Amino acid sequence: MSFSQRVYAVVKRIPRGKVATYGQVAALIGSPRSSRFVGFALHSNPYQGVVPCHRVVFKDGSLAPGFAFGGPQEQRKLLEAEGVHFLDNGQTVTVDMTQYQWEA
DNA sequence: TACTTGACTTTAG
DNA sequence: TCTAAAGCCAAGT
């Protein structure tokens, strides 16, 4: 199983209504410092609709700016549709990690 | 075939 | 406490 396939396998395990961080996913596949490639693997996600890459966020709960989907707004909509609550301080929009972070 | 790049995190200064 | 740099690994050029 390739590195990217392991990434997809882990991300697919994230339940609806929960989110995980890049570092968390990287740690679960055995490479805690490979978070950069976790993002890269999701970027070239061949399983759209299968791998919920919108459930993967930054360590602080914020979303990837300008890259994901149609932008962070789109990712936010997907997560809110699953019941994930966002904290909007006017500047940045972040997921409430204390409540919604996935505990593997 | 080899080099560069990329949705990041962590550690050291 | 804040800033800077290193490290991870596969895909694209």
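Just so we're on the same page: letters track the sequence lines, and every chain starts at 1. The shown structure was predicted, so the numbers you read here are calculated from the model rather than taken from an experiment.
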**OP:** Taking Watson-Crick and G-U wobble pairs with both distances under 3.5 Å, convert DNA chain B into its dot-bracket string, 5' to 3', dots for unpaired and | for cross-strand pairs.
**Re:** .|||||.||||||
Original post:
For Phe3(A), which contact category applies under a 4.0 Å heavy-atom criterion: base, sugar-phosphate, or nothing?
Top reply: sugar-phosphate
**OP:** Assign Ser4(A) to base, sugar-phosphate, or nothing according to its heavy-atom contacts below 4.0 angstrom with the strands shown.
**Re:** sugar-phosphate
What pairs with [X] under side-chain hydrogen bond (donor to acceptor under 3.5 Å, both in side chains), at least two apart in sequence or on another chain?
{"X": "Thr98(A)", "value": "Asp96(A)"}
{"X": "Asp88(A)", "value": "none"}
{"X": "Glu82(A)", "value": "His54(A), Arg55(A)"}
{"X": "Thr94(A)", "value": "none"}

**OP:** On DNA chain B, check which nucleotide each of Val56(A) and Lys59(A) is closest to and give me the residue with the more 5' one.
**Re:** Val56(A)
**OP:** For Phe40(A) and for Asp60(A), find the nucleotide of DNA chain B with the closest heavy atom, then tell me which residue's nucleotide is more 5'.
**Re:** Phe40(A)
Original post:
Heavy-atom contacts under 4.0 Å between residues 25-38 of chain A and DNA chain B, which residues?
Top reply: Arg33(A), Ser35(A), Arg36(A), Phe37(A)
**OP:** Would you check if Ile29(A) and Phe37(A) make a side-chain contact, meaning some heavy-atom pair closer than 4.5 Å?
**Re:** no
Original post:
Side chains of Leu87(A) and Val93(A): closer than 4.5 Å at any heavy-atom pair?
Top reply: no
Sequence neighbours left out, cut at 3.5 Å: what donor-acceptor pairs do the side chains of residues 14-26 of chain A make with other protein atoms?
{"residue": "Arg16(A)", "atom": "NH2", "partner": "Ala81(A)", "partner atom": "O", "Å": "3.4"}
{"residue": "Lys18(A)", "atom": "NZ", "partner": "Gln99(A)", "partner atom": "O", "Å": "3.3"}
{"residue": "Thr21(A)", "atom": "OG1", "partner": "Gln24(A)", "partner atom": "N", "Å": "3.0"}
{"residue": "Gln24(A)", "atom": "OE1", "partner": "Thr21(A)", "partner atom": "N", "Å": "3.3"}
{"residue": "Gln24(A)", "atom": "OE1", "partner": "Gln101(A)", "partner atom": "NE2", "Å": "3.2"}
{"residue": "Gln24(A)", "atom": "NE2", "partner": "Trp102(A)", "partner atom": "O", "Å": "2.4"}

Subject >> Range on DNA chain C touched by chain A - first to last nucleotide, heavy-atom distance under 4.0 Å >> reply: dG7(C) to dA11(C)
Original post:
Which pairs with one or both residues in residues 29-41 of chain A pass side-chain hydrogen bond (donor to acceptor under 3.5 Å, both in side chains), sequence neighbours excluded?
Top reply: none
Subject >> Contacts of type ring pair (Phe, Tyr, Trp, His ring centres under 6.0 Å), residue Tyr8(A), not counting sequence neighbours >> reply: Tyr47(A)
**OP:** Take atom P in dT4(B) and the same atom in dA6(C), then report the distance between them in whole Å.
**Re:** 15 Å
**OP:** Kindly write out the residues that satisfy side-chain contact (heavy atoms from CB on, under 4.5 Å) with Lys59(A), not counting sequence neighbours, or none if the list is empty.
**Re:** none
